[in-house]
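Just so you know, these numbers use all the heavy atoms, side chains as well, and skip hydrogens, waters and symmetry mates.
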Amino acid sequence: MIDNNTPRYLILGSDERLWNFNCPVVFLGNWCCLYKRKESWSSMDFIIADPFSKLSERKKIHSSARQLERELFPILCDLLNDYHNTQHDNRFWKIVLGLWFYRYINVIYNRIETLNKCINNYNISGLSIIDSSNYDLSTRDSKSAIWSFNDDRWNNMLYSRIIDIIKPSIDFPVDVIYFDDKNTHFIFNNNNNNNNKPLYKMFVSKILRYGNSLLCKFSMKDDNFIINSYLPRVLEMKLNLAFGSLPKIWTNNNYIVNEKSNATVRKNLTDRMSLSCTNSVKSVAQKMLFEMIPVCYLEGFDELFKSSKLKRWPDMPKFIFTSGSYDTDETFKLWTALKVKKGSNYIIAQHGNLGQIESDTQHIIDERVADKFISWGWSDHKRKVLPGFIFKTSGRVVKKRNLSVGILMILCHYPHRSSILDKSVDYIDTFQNHINFIKKLPVELKLLLTIRIHSEWKNFNFNEKERLEIFNGKVNIDYGSGSINSLVENSRIVIHGYDSTGILETLSMNLPTLAFWSGGLENLRDDVKPYYELLVECGIIHFSPESMSSKILDVWQNVDSWWYSKSIQFARKKFCEQYAKKCNRPVGMLVDILNIES
């Protein structure tokens, strides 16, 4: 049993220059203990601090964070309007930076409460932080902000700032370490995977882009604007035709921020906020806001405005429709906010699984960012959610499966650290249960198993490749470079290792599907749980390696007999009707919805 009264040195991150190897320590979280550096920390007298919240507290914490967001957002809008000499309403700013601000509140709330719980629960003997006086916590844009939240050095600097703010309430020594590091801000490397495409595909893509650019030049100023719809390209072009426009695919080149942050400007804006005098989450959120806001919303906003004006997009679209550009596409968001002010309707469609309590897209719905939201089946008229269908599988022909092939198991990457809650605990528990499940499979099924790791696994420090080496080549591993659709179509059964969009896709296509993760259904919203419970009761969803391995062994010899049984098909249809609805006339249905709402 762990004695919380034992004096322990607090370690905030994986930078071993800040560690104390000569006494008992407490690591603030799992991110401190890198798998590839196991030899450094495994022999230490250490414990990993409990995450700051329990499953039962998640709704309360989420509600508190959203209340803080509602309090501070109007203040941010007023200060931005004053700085840019504009008079935009709050909805304008919600479209432009609402999701960044949502994540900002999440991150500040998480870092402060995680630190507070650790200090209160353990006998902290000391702590080392890096001198952060010359480090710039701001990022270029909202996408680079998301990745900065994962970066160990950036988080070390953030904790240094937070500790500097709350230092009067700390009763243990804090050593400030000075390093002569050249990196004074987070640098986001947006890896372009197009270079991995075969040459013939790159050539065909180039021809198609050229032809599409010609068609876009002939667009009318009042054409409806459809971009990044998540529909197959052919269906998106047909949708344009149905509205009397040329069949085109609108795209947007990445906007590059050239301006740099201005510390003086940011300090002046911070000084103008009505700062709380306490060491609360609200106080820190106020003090850090203009230190962390991306450059594109402050110093680079004029540059962003000019970029949006240079777009050869319709001048007065009746409606603007997207499934994927509303989050980190800065040019699109600003252009859309300006058009909405002129009367264009803004319609966003679902692009992933929305069952979680903490969901970026659910936040878009809750905050009424769009005029209407099109779901993949469910409706909520109070929140302006209209029932649609699952876009990602529309028009996809389900090929006849090869029943002689094996099992596909799809795993998620390590979670982003942009949530209020520390999702790494659940992730690590689930990953270990996946390992235990594989160990329980007989040798003949191990040889038929392919593990598909998410293509972004390399961007995190979880080291899935090294962790899976324990199987010594007895299972096949796909590191995210191949076609997921091809893997699915060539599998007798698909196992989803997390609550993913993939579950909705394979269920909608009526492909034999299993799902397996830890933690039960506690992360789900109450209105979603009854439909997931249907999948649990009929044996599609499992929460333990024993249950999962037992089900595989039970159905393997006759997967189709199990899958097409009345109980499975009843549960699947009820679930899909709500969250993964199929549609035989996707273009016609979308035309009906968009015509009504525009």
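- Residue K341 qualifies as enclosed at atom NZ: its count of foreign heavy atoms under 6.0 Å is above 12.
- When side chains are defined from C-beta on, F149 counts as touching R111, because their heavy atoms get closer than 4.5 Å.
- The aromatic rings of Y230 and H351 stand perpendicular to each other, their planes meeting at an angle above 60°, with 30° marking the opposite boundary.
- Residues that satisfy the salt bridge (charged side-chain N to carboxylate O under 4.0 Å, His left out) test with K339, not counting sequence neighbours, are D315.
- Shown here are the side chain to side chain contact (heavy atoms under 4.5 Å, CB included) partners of Q578, two or more places apart in sequence or in another chain: W378, Y531.
- Ring-plane geometry between F460 and Y414 is classed as tilted, the angle between the planes lying from 30 to 60 degrees on a 0 to 90 degree scale.
- More than 12 heavy atoms of other residues, nucleotides or ligands shown are found within 6.0 angstrom of NZ on K529.
- Between S138 and M292 there is no side-chain heavy-atom pair separated by less than 4.5 Å.
- Between F73 and F101, the distance separating the two ring centers is shorter than 6.0 angstrom.
- Across S142 and T328, no two heavy atoms sit closer than the pair OG-CA, 3.5 Å.
- Two rings, from H62 and Y109, have their centers 6.0 Å or more apart.
- Heavy atoms only, all atoms of each residue included: D151 and W154 are closest at OD2-N, 2.9 Å.
- When atom types are taken as modelled, the side chain of E259 and the backbone of E303 share no donor-acceptor pair closer than 3.5 angstrom.
- The heavy-atom pair separating S379 from P387 by the smallest distance is CB-CD, 3.7 Å.
- The pair R66-E69 meets the salt-bridge criterion, since a charged nitrogen lies less than 4.0 angstrom from a carboxylate oxygen.
- Between the side chain of S245 and the main chain of L241, no donor-acceptor pair closer than 3.5 Å is present.
- Taking CG of L97 as the reference point, atom CZ of F301 lies at 8.0 Å (rounded to 0.5 Å).
- Side chain of T393 to backbone of E505: no donor-acceptor contact under 3.5 angstrom is found.
- In this structure, the side chain of N150 engages the main chain of R417 through a donor-acceptor pair within 3.5 Å.
- Less than 6.0 angstrom separates the ring centroid of H416 from the ring centroid of W147.
- Taking the ring centroids of F225 and W313, they lie under the 6.0 Å cut-off.
- Contact annotation: the side chain of L269 never approaches that of I293 to less than 4.5 Å [non-hydrogen atoms, C-beta and beyond].
- Between F462 and Y427, the ring centre distance stays below 6.0 Å.
- With sequence neighbours excluded, the residues satisfying salt bridge (charged side-chain N to carboxylate O under 4.0 Å, His left out) with E299 are R266.
- In this structure, Y532 has its ring center closer than 6.0 angstrom to the ring center of F575.
- Proximity of R572 to N510: side-chain heavy atoms (C-beta onward) are separated by under 4.5 Å at one or more points.
- Two rings, from F389 and F391, have their centers less than 6.0 Å apart.
- Using cut-offs of 30° and 60° on the angle between ring planes, the pair F321 and F319 is perpendicular.
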Requested in this report: Could you give me the CA-CA distance, side-chain angles and deciding distance for D327 and R103, then say whether salt bridge (Lys or Arg N to Asp or Glu O under 4.0 Å) is met?
Outcome: CA-CA 11 Å; D327 189 352; R103 294 188 182 104; 2.7 Å; yes

Just list the side-chain donor-acceptor pairs under 3.5 Å for residues 479-488, sequence neighbours left out, or say none.
unit_1	atom_1	unit_2	atom_2	d
S483	OG	N485	N	3.4
S483	OG	S486	N	3.2
N485	OD1	R396	NH1	3.2

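- For V587, the side chain to side chain contact (heavy atoms under 4.5 Å, CB included) partners at least two apart in sequence or on another chain are L235, K238, L239, A242, V591.
- Within 6.0 Å of the NZ atom in K573, the count of heavy atoms belonging to other residues, nucleotides or ligands does not exceed 12.
- Among residues two or more places apart in sequence or in another chain, the side chain to side chain contact (heavy atoms under 4.5 Å, CB included) test is passed with T430 by H434, W517, S518.
- Using a 4.5 Å heavy-atom cutoff, the side chains of R525 and V528 are in contact.
- Formation of a donor-acceptor pair under 3.5 Å by the S325 side chain with backbone atoms of T322 is not found in this model.
- Put simply, the side chain of I320 does not reach to within 4.5 Å of the side chain of I226, judged on heavy atoms.
- In this structure a side-chain-to-backbone donor-acceptor pair under 3.5 Å is present from R91 to V369.
- For the residue pair T506 / H496, a side-chain donor-acceptor distance below 3.5 Å is found, with atom types taken as modelled.
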